Amino acid sequence: MSEQKTVRCNGCGKTFERKNDMYQEGIFFADQEWGYFSGKDGERHRFCLCEKCYDHMIHGFVLPVEIEEYL
């Protein structure tokens, strides 16, 4: 998914284009293959979110996202 020339945020529809082999903004990519014991067994769900839509999504979490520095 992240190798496409352009991608769109599934939340707001904003379009991102690759320049010099990279996106110029932060984008969250999700790729989930559902398995046994789920109502989606055998399905693969993929989507991306811009940083604003990602922040909006995680704001509603009961448990906060684990954040650590990696640089």
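These numbers come from a predicted model, not from an experiment.
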- Donor-acceptor pair, side chain of Arg18 and main chain of Tyr23, under 3.5 angstrom: no
Nearest-0.5 Å distance that lies between atom [atom1] in [X] and atom [atom2] in [Y]:
X: Cys50; Y: Asn10; atom1: SG; atom2: CG; value: 10.5 Å
X: Glu69; Y: Ile67; atom1: CD; atom2: CD1; value: 9.0 Å
X: Glu43; Y: Gln32; atom1: CD; atom2: CD; value: 11.0 Å

Are the side chains of [X] and [Y] in touch, meaning some heavy atoms are under 4.5 Å apart?
X: Glu25; Y: Glu51; value: no
X: Met22; Y: Gln24; value: yes
X: Leu49; Y: Met57; value: yes

- Note on the structure: Which of Phe16, Phe29, Tyr54, Phe28 passes side chain to side chain contact (heavy atoms under 4.5 Å, CB included) with Cys48? It is Phe29
- For Cys9 and Cys12 the tightest heavy-atom approach is SG-N, 3.4 Å
- Task: Check the hydrophobic clustering (I, L, V, M, F, W, Y; side-chain heavy atoms under 4.5 Å; chains of links allowed) and say if Phe47 and Trp34 are grouped together.
- Result: no
- More than 12 heavy atoms from other groups under 6.0 Å of NE2 on His59: no
- Task: Please write out which residues are connected to Leu71 in a hydrophobic cluster, directly or through intermediates, given that two of Ile, Leu, Val, Met, Phe, Trp, Tyr count as joined at side-chain heavy-atom separations below 4.5 angstrom.
- Result: Tyr70
